[in-house]
Amino acid sequence: MSRLIPLVVASLLSLPSLAQTTPEDLVHPLTGTQNEGQTYPAVGVPFAMTHWTPQTRAGEIKCVAPYYFPDTRIQGIRATHFLSGSCVPDYGSVTLMPGTGALKTDAVGRSSSFARTSEHATPYAYTVDLPDAHATAYVTATSRAGILRFTFTEDAADGWVVFENNARAGEGSVNVSAAGKEVTAEVPVRREYAGSGKPAGYSAWYVAEFDHPVTSVGTYIGAQAHDGITKQVGDDKPAGVVVVPKMMTSTGGASAAAATNPVSAPRPGFGAYLHFGAVHKGETITVRVGSSFVSEAEARRNLRVEITDWDAKRVEATAHKAWHDALGRIQIGGNDPAKTVFYTSLYHAMLQPRTYSDVSGTYPRFHDHGTAEHAAAGQTQFDDFSVWDIFRAQAPLMMILDPKLEASMLQSIITKGEQGGYLPIFPAWNSYTSEMVGDHSISMIIDAWQKGIRGFDTESAYKLMRKNALTIPQDRAEYLDGKGRRGLDSYLKYGYIPLEDHIDDAFHKNEQVSRTLEYAYDDAMLARFAKVLGHTEDAALFAKRGENWRNVIDPKTGFARGRNSDGSWAEPFDPAAHVSWITEGLPWQYTFFVPQNVPGLMEYLGGREKFVAKLDELFAKNYYEHGNEPSHHIAYLYAFAGAPEKTQQHVRAILDSQYKDGPDGLAGNDDAGQMSAWYVMSALGLYQVCPGIPVYTLGVPRFDDATISLPNGQKLHVIAKGAEAGKFTVREVTWNGKKITDSQLTHDALKQGGTLRFDLAQ
């Protein structure tokens with residue numbers, strides 16, 4: 001199918017109308033569900049424990065999202081924990097699907113075609129007609145619970161609902177009770193990256209209650225039904241027989257072939273089904289489902305607290321208000337069609353990290369095996385931090401819009417460090433992962449502190465940061481399990497990671513130059529933090545290490561370049577080639593990752609003119625790649641070199657070319673909302689090049705008028721008349737009437753509120 005046809009169909013049938021002026025109704029949740037976006041139409045509330053989505057692809061398989069726009073059949077409605085916009089497996093998920101007539105349990109057999117005209121997706125509810133199932137499906141949700149309505153579209157002798165356990169390794173259980181009109185399930189979670197395939201030590205638990213009398217029940221594996229059986233444990237034994245979970249012995253992550261790996265291979269699926277007897281046209285079966293990461297009892301408690309009755313519209317109204325309040329913190333004036341892109345981006349930036357604690361405060365202890373903890377009073381525990389991505393724009397965005405919430409999220413990272421012994425670098429699946437490079441939990445926490453955000457344990461955070469920066473786990477098993485910086489011993493010895501250190505104990509192997517550059521950035525931020533806290537010796541040590549970028553940028557060629565332990569440079573060398581020592585990019589891009597010292601980098605590369613010429617060449621030769629995060633700050637570097645007009649030119653071009661309204665509207669993986677957050681920040685006219693230094697670099701707004709309601713009651717008003725008509729050259733910028741001459745605005749100024757005015761030329 002061509003890319004044009006789906007986009008046209010979506011534009012005609014699925015997009016909200018600009019006549020709907022509320023932000024939540026301008027969101028198009030199908031954006032990014034085609035090509036590389038890896039998003040899905042998530043229903044619920046911001047940062048929910050569990051989101052709900054239509055499912056077009058079964059299983060918890062790495063790099064397979066639950067929903068893809070080009071797919072033509074829906075297999076059910078899934079309770080999902082897929083990391084939006086990512087290339088990871090879903091986990092702890094279940095799927096429900098209605099039907100009539102002969103029972104069909106397997107995902108393909110029970111699936112239904114659907115018409116795009118019947119599909120209505122919003123952040124707070126989703127509806128679709130399923131003609132092959134003779135039913136319409138509807139779902140809305142709270143943070144920890146969902147309510148589904150299956151309305152039959154014709155009379156039938158029997159109506160039924162399938163409840164599938166999607167466990168990645170085909171393990172766990174389902175229990176079904178006809179008398180109790182309920183299904184309960186345990187869906188064990190498996191790790192990814194460090195410890196890939198190993199049990200994460202906890203499960204997702206579900207309690208599903210039905211409002212209709214049940215005539216009979218059973219369980220199934222794939223297409224094989226077992227009438228009258230009320231419990232199924234695992235997917236590869238006869239009903240009711242306990243199976244021993246399959247273990248993945250390789251630590252190599254996704255490198256193991258799915259065909260031979262029982263954890264990542266597609267499973268037949270297993271679950272339970274309920275028959276309701278004769279149903280009539282227009283009759284509705286309602287299901288309310290509670291979820292928890294602690295226990296069945298907590299899932300039931302979450303359900304009882306968050307959904308107190310069978311009124312789905314009341315739940316929808318609550319979810320609607322949650323999105324209205326969250327998205328409405330930014331008001332875009334006018335009727336420019338790009339408003340839909342803006343609010344869809346803001347929606348995507350508010351899906352992760354996810355809530356991990358129950359309404360009672362219980363949550364699974366980090367990196368432990370089954371131990372429950374209790375969050376501090378008034379605190380929520382969060383998880384699934386795609387740190388390497390979100391430190392750049394998603395976290396800074398939330399520090400503007402909801403600093404109290406961001407502080408709670410950062411405290412969650414600190415708590416994980418206290419429980420596991422090391423500050424996690426990329427905590428997901430409630431585990432250490434050692435995924436990606438750098439150590440940017442450090443910079444996120446420091447960024448918040450430098451912006452005056454409190455509400456997290458600063459002293460504990462500093463001790464953990466220092467440990468990460470200086471200490472290698474003495475127990476190698478701990479290191480293999482994901483604790484600590486990869487390659488730290490080499491980094492401390494040489495001031496860079498030489499090519500001889502292959503970093504085998506990580507999903508991203510090698511990537512020595514990128515690791516060096518990113519550790520240097522984190523160390524520079526840690527130096528600033530140490531100085532503020534009065535740790536003078538540490539501040540000097542880390543400030544020196546913050547200049548380690550000089551050890552991997554070759555002064556002769558002017559590019560980031562692999563280096564051997566004897567100091568010699570990698571040969572042969574092509575800065576435009578993909579090489580093993582660079583992460584998800586090129587030497588061309590990583591040469592510019594010195595956000596902590598842009599003036600120093602500029603001087604190192606020959607001064608302002610040569611720096612600008614080098615940036616010009618990067619863009620002219622199409623080495624800028626917006627689909628991967630290492631490029632995200634590059635357009636803003638022109639402003640540091642006294643060429644803000646080129647920042648404005650390239651930022652506007654990226655805003656207009658890399659983001660669209662439609663399923664193929666994202667240029668790459670959204671990565672937990674980072675790609676989307678870049679749009680939000682840049683469309684408002686500012687971007688933080690160096691999280692940890694609380695200063696925004698100014699670009700050019702995308703809209704004539706925008707107002708941000710700050711949590712302290714102040715308002716930030718951004719005016720750029722002519723932006724919607726295509727103007728992007730800035731003649732002058734003023735802040736509360738005072739001219740800005742250096743393209744910079746401090747966070748301290750921003751949070752006081754005021755008017756940021758861009759005078760645009762034709």
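In this text the structure is predicted, and so the values were computed from the model without any measurement.
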Trace of the salt bridge (charged side-chain N to carboxylate O under 4.0 Å, His left out) decision for E209 with R304: CA-CA 11 Å; E209 300 177 341; R304 291 283 188 270; 2.6 Å; yes
For the residue pair [X] and [Y], confirm or rule out a side-chain donor-acceptor distance under 3.5 Å.
X	Y	answer
T136	D129	yes
E182	S177	no
E119	Y126	yes
H348	S345	no
H320	E24	yes

Looking at every heavy atom in both [X] and [Y], which two are closest together, and how far apart are they?
X	Y	answer
A79	T50	CB-CG2, 3.7 Å
A185	V174	CB-CG1, 3.9 Å
L666	G32	CD1-CA, 3.9 Å
T105	G222	OG1-O, 2.6 Å
G92	V187	CA-CG1, 3.7 Å
Y206	A204	CE1-CB, 3.9 Å

Does anything in residues 102-175 form a disulfide bond (SG atoms under 2.5 Å apart)? List the pairs, not counting sequence neighbours. none
Quick note, disulfide bond (SG atoms under 2.5 Å apart) partners involving residues 101-207, not counting sequence neighbours, are none
All side-chain hydrogen bond (donor to acceptor under 3.5 Å, both in side chains) counterparts of [X], not counting sequence neighbours:
X	value
Q394	none
S93	E60, N166
S86	none
Y220	E164

To the nearest 0.5 Å, tell me how far [X] [atom1] sits from [Y] [atom2].
X	Y	atom1	atom2	answer
S676	I390	OG	CD1	13.0 Å
L351	F82	CG	CZ	12.0 Å
R300	D358	CZ	CG	13.5 Å
Y124	T140	OH	OG1	9.5 Å
E435	D389	CD	CG	8.5 Å
I307	I147	CD1	CD1	5.0 Å

Pairs flagged by ring pair (Phe, Tyr, Trp, His ring centres under 6.0 Å) wherever residues 282-319 is involved - sequence neighbours left out: H81-F293, Y202-F293, F293-Y356
Tell me, do [X] and [Y] make a side-chain contact under 4.5 Å, heavy atoms counted?
X	Y	result
P663	T31	no
Y193	W429	yes
M350	W323	yes
Y679	T344	no
D661	H28	yes
Q674	S386	no
T56	P54	no
V279	H134	no

Given the side-chain rings of W388 and F426, with only the six-membered ring counted for Trp, is the space between their centroids under 6.0 Å? no
Y138/F150 aromatic ring centres below 6.0 Å: no
Chi angles and distances behind the salt bridge (charged side-chain N to carboxylate O under 4.0 Å, His left out) call for K660, D664: CA-CA 7 Å; K660 294 188 292 185; D664 63 347; 3.5 Å; yes
Keeping D481 on the side-chain end and Y432 on the backbone end, is there a donor-acceptor pair under 3.5 Å? no
Can I get a per-line list of side-chain donor-acceptor pairs under 3.5 Å for residues 41-49, giving both atom names and the distance, sequence neighbours left out?
none

Going by an N to O cut-off under 4.0 Å, is there a salt bridge joining E296 and R301? no
Basic-acidic side-chain contact under 4.0 Å: K181, D211: no
Enumerate the side chain to side chain donor-acceptor pair (under 3.5 Å) contacts for residues 36-45, please, sequence neighbours excluded, ordered by first and then second residue. Q38-Y68
Which pairs with one or both residues in residues 273-282 pass side chain to side chain donor-acceptor pair (under 3.5 Å), sequence neighbours excluded? D158-H275, D227-Y273
Quick test of your reading: applying salt bridge (Lys or Arg N to Asp or Glu O under 4.0 Å), list the pairs with at least one residue in residues 87-98, sequence neighbours left out, ordered by first then second residue. R78-D90
Show every salt bridge (Lys or Arg N to Asp or Glu O under 4.0 Å) that has at least one partner inside residues 130-156, sequence neighbours left out. R73-D132, R144-E306
Taking the six-membered ring of F69 as reference, does the NZ or CZ atom of R116 fall below 6.0 Å from its centre and within a 45° cone about the axis? yes
